[in-house]
Amino acid sequence: MKEKIAKIISDKIEDLSYEQVMELLEQPPKPELGDYAFPCFRLAKTMRKAPQMIAEDICSQIEKPDYIDRIETQGAYINFFTLKDAFAKEVIDRAIEDTYGSFDTGNGKTICIDYSSPNVAKNFHVGHLRTTVIGNSLYKIYSKLGYHVERINHLGDWGTQFGKLIVAYKNWGDENLVKEKGIEELMRLYVLFHSEAEKNPDLEDEARAWFHKMETGDEEALEIWKWFFDISLEEFKRTYKLMNVEFDHYTGESFYRDKTESVVNELTEHGLLQDSDGAKIVDLSEYDMAPCLILKNDGSSIYATRDIAAVEYRKKTYNFTKCLYVTGQEQKLHFAQVFKVMELLGYEWAKDSLIHIPYGLVSLGGEKLSTRDGNVIYAEDILKEAISKIKEIINEKNPDLSEEEKEEASRIVGVGAVVFNDLYNQRIKDVSFKWEHITSFEGETGPYVQYTYARCSSILRNVNDFVLTKDIDYSILTDQSSVELLKEINRFPSVIVEAADRYEPSVIARYAVDLAQAFNRFYTDNRIAVDDKNVRDSRCVVTSITRRILKDSLDLLGIGCVERM
């Protein structure tokens with residue numbers, strides 16, 4: 001319908017292309033303003049008329065097609081009122097297909113997404129949830145657009161912090177305690193190192209020396225490091241399993257340690273490497289950036305060196321169209337430096353292909369989380385707490401469910417509640433955990449959307465002879481709440497494209513709430529289980545399509561659904 005209206009308008013305007021008209025056409029916020037509206041402000045400069053006069057002139061030239069009820073102007077807008085049954089038929093004809101919302105835009109193209117990336121030997125705390133759920137959602141969104149996506153967990157498994165941990169383990173550690181408590185004990189040692197180093201600064205030198213041993217292949221240093229790595233990865237994977245998150249590659253910083261020498265040689269050959277008090281840097285002052293540190297004065301590599309090596313490896317291995325980095329906004333300068341160095345090395349594709357996707361902080365009770373100070377909360381504990389709270393609610397609301405159904409529903413809805421709370425916020429904004437909001441079955445929450453899905457499932461279960469078909473009476477779907485629901489259904493494909501273009505899963509989350517709210521208004525206004533088969537079937541078709549799109553929307557956020565709760 002939008003395409004047809006855009007064609008009508010573009011045929012009457014020389015100054016705008018069909019594509020430009022499509023971009024400008026909008027859905028008015030109120031039904032009394034029409035189903036589609038075209039603003040004429042942009043034409044005022046070229047036509048040298050007031051926008052209101054332009055709207056009236058264009059409107060007078062349009063011959064009303066048979067699928068339009070009426071065309072009116074209001075101020076600078078041309079408002080199109082479609083025939084409701086024709087609109088319903090067009091929406092359902094497309095939305096009823098299994099491929100609705102799927103695209104082939106990315107066919108033959110690869111996107112790499114670097115996300116989650118917790119630090120080895122440090123617990124997977126609630127702050128890591130943001131990068132994990134945002135990255136996982138972007139993977140699903142781009143897959144829906146037809147891209148092949150490489151999911152990369154760039155573990156923080158290399159650097160001076162491991163020298164610190166080895167010093168702490170050598171001085172105050174116990175092998176059996178590490179085996180028994182895992183990351184919890186490693187974290188205790190890490191925090192202890194910093195408190196002891198404040199009293200004895202020589203410990204920092206010892207830590208640098210142990211990391212230098214790791215860099216030069218010392219057997220003992222690498223053996224301890226690998227032990228810490230294995231302990232950490234096992235615990236990380238337990239949390240990922242709870243979240244139903246998977247990765248194609250766990251290639252952390254250590255994977256690139258034998259590739260940093262070629263980076264140094266390449267920078268040297270291009271005349272980019274400079275000496276700075278014994279360290280090696282790339283001067284970026286011309287671009288209003290601090291220098292990019294490549295080698296420390298003891299010859300050890302640094303984050304930037306390994307990230308440059310990672311970019312080159314990924315481009316060579318996957319030939320990506322884009323490589324996305326989902327990390328906190330505090331790393332904005334770091335990635336700006338790395339991307340600029342890639343450009344200076346002559347890689348023209350770096351300008352458009354390397355993209356940092358920043359996000360805000362996570363807090364509990366308004367307090368920022370700090371690993372060094374030991375002020376941390378495990379992500380696994382947060383998820384389990386959410387599951388427990390949801391189970392209490394389910395026990396109260398639906399005690400007739402079997403214990404197995406309660407367990408399954410509590411896990412899916414509890415984890416989904418935490419994920420949805422994060423993704424409903426624009427990623428650049430800070431997120432605070434408030435249990436009374438996260439686990440609510442009312443309002444703009446994950447449980448509300450999941451409950452709406454379960455309600456759709458319940459309705460369809462109770463209609464024994466329902467068959468999903470286009471052969472229905474579309475005139476039944478012309479009341480206001482039906483039309484408003486159809487408008488939301490109609491938005492789904494464009495919402496996916498917008499979320500991908502903006503790298504913003506919140507677009508999907510907010511749409512899911514809008515769709516759920518529209519369905520619940522439709523459900524309140526229209527009885528579905530009625531004797532009249534025409535009425536029942538028409539409303540069941542809309543219910544079935546809504547159910548599938550709710551499921552698809554939640555899946556794009558990395559959230560599951562349950563049939564009963």
Side-chain angles (χ1 to χ4, degrees), residues 115-116 118 123-137 140 181-184 234-247 362-365 369 376-425 431-455 457-458 505 508-509 512-513 516 550-551 553-565:
Y115 62 106
S116 195
N123 58 19
F124 192 104
H125 64 68
V126 67
H128 292 122
L129 283 174
R130 293 222 73 189
T131 169
T132 304
V133 301
I134 292 169
N136 188 52
S137 181
K140 289 174 174 290
K181 295 190 175 183
I183 287 184
E184 182 184 348
E234 182 180 347
E235 296 204 24
F236 295 158
K237 285 185 174 180
R238 189 175 65 240
T239 302
Y240 292 138
K241 184 177 181 181
L242 188 59
M243 298 172 67
N244 199 26
V245 169
E246 296 179 347
F247 293 90
V362 177
S363 65
L364 266 142
L369 303 164
V376 292
I377 298 174
Y378 284 79
E380 188 176 18
D381 290 343
I382 287 285
L383 296 170
K384 287 181 175 178
E385 179 72 10
I387 292 169
S388 175
K389 288 180 179 294
I390 291 294
K391 189 172 183 181
E392 289 177 12
I393 297 171
I394 289 175
N395 275 328
E396 180 184 333
K397 288 183 176 289
N398 198 348
D400 294 335
L401 287 179
S402 70
E403 193 58 33
E404 185 179 347
E405 284 179 310
K406 288 176 184 176
E407 289 290 337
E408 178 74 355
S410 299
R411 181 185 65 80
I412 292 173
V413 177
V415 172
V418 173
V419 173
F420 195 92
N421 178 70
D422 189 303
L423 295 181
Y424 189 79
N425 294 274
V431 172
S432 181
F433 275 85
K434 296 178 181 175
W435 285 119
E436 63 275 14
H437 173 74
I438 291 173
T439 58
S440 174
F441 280 72
E442 297 177 358
E444 299 159 347
T445 68
Y448 172 74
V449 177
Q450 288 169 309
Y451 182 75
T452 304
Y453 171 86
R455 168 176 277 176
S457 296
S458 175
I508 304 284
V513 169
L550 283 171
K551 187 177 191 302
S553 299
L554 288 168
D555 180 68
L556 289 170
L557 300 172
I559 298 171
C561 293
V562 292
E563 301 300 314
R564 288 157 54 88
M565 68 166 71

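The analysis underlying the following values was restricted to heavy atoms, covering all of them including side chains, and did not include hydrogens, waters or symmetry mates. No experiment lies behind these values; they were computed from the predicted model shown.
Side chains of T132 and F236 form no contact here, defined as non-hydrogen atoms less than 4.5 Å apart. You'll find the side chain of L242 stays beyond 4.5 Å of the side chain of R238, heavy atoms only. A 4.5 Å side-chain heavy-atom check between R411 and K391 finds every atom pair outside the cut-off. Contact annotation: the side chain of T239 never approaches that of Y378 to less than 4.5 Å [non-hydrogen atoms, C-beta and beyond]. Here the side chains of P447 and I390 are in contact, with some heavy-atom distance below 4.5 Å. Between V133 and M243 there is a side-chain heavy-atom pair separated by less than 4.5 Å.
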Next on the checklist: Go through it in stages, so that I can follow the logic: the residues are W435 and I382, the test is side-chain contact (heavy atoms from CB on, under 4.5 Å), and I'd like the CA-CA distance, side-chain angles, deciding distance and then a yes or no.
Outcome noted: CA-CA 10 Å; W435 285 119; I382 287 285; 4.1 Å; yes
Item to check | Worked verdict on T445 versus H437 for side-chain contact (heavy atoms from CB on, under 4.5 Å) | outcome: CA-CA 7 Å; T445 68; H437 173 74; 3.7 Å; yes
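Taken from CD in E392 to CD in E396, the straight-line distance is 9.0 Å, to the nearest 0.5 Å. Note that the CG atom of L554 and the CD1 atom of I412 stand 11.0 Å from one another [nearest 0.5 Å]. With rounding to the nearest 0.5 Å, the separation of CG in N136 from CZ in F247 is 7.0 Å. Distance OG/S553 to OH/Y453: 12.0 Å, rounded to 0.5 Å. Annotation: the span from E408 atom CD to R564 atom CZ amounts to 13.5 Å, rounded to 0.5 Å. Rounded to the nearest 0.5 Å, atoms CD1 (I134) and OH (Y115) are 12.0 Å apart.
Few gaps surround CZ on F441; more than 12 heavy atoms of other groups in view lie less than 6.0 Å from it. Surrounding CG of D555 are more than 12 heavy atoms belonging to other residues, nucleotides or ligands, all under 6.0 Å away.
No side-chain donor-acceptor contact under 3.5 Å links E235 to the backbone of G182. In this structure, Q450 contributes its side chain and G560 its backbone to a donor-acceptor pair below 3.5 Å. Remark: side-chain polar atoms of D422 are not paired, donor with acceptor, to backbone N or O of V418 under 3.5 angstrom. No side-chain donor-acceptor contact under 3.5 Å links N421 to the backbone of A417.
The two atoms that bring K389 and T439 nearest to each other are CB-CG2, 4.1 Å, heavy atoms only. Of all the heavy atoms in L423 and S137, the pair that sits closest is CD1-CB, 4.1 Å. Of all heavy-atom pairs spanning P505 and L557, the tightest one is O-CD2, 3.6 Å. Minimum interatomic distance between A454 and M565 (heavy atoms only, all atoms of both residues): CB-CG, 4.3 Å. Here the closest heavy-atom approach between residue A509 and residue F420 is recorded as O-CZ, 3.5 Å.
Using cut-offs of 30° and 60° on the angle between ring planes, the pair H128 and F124 is tilted.
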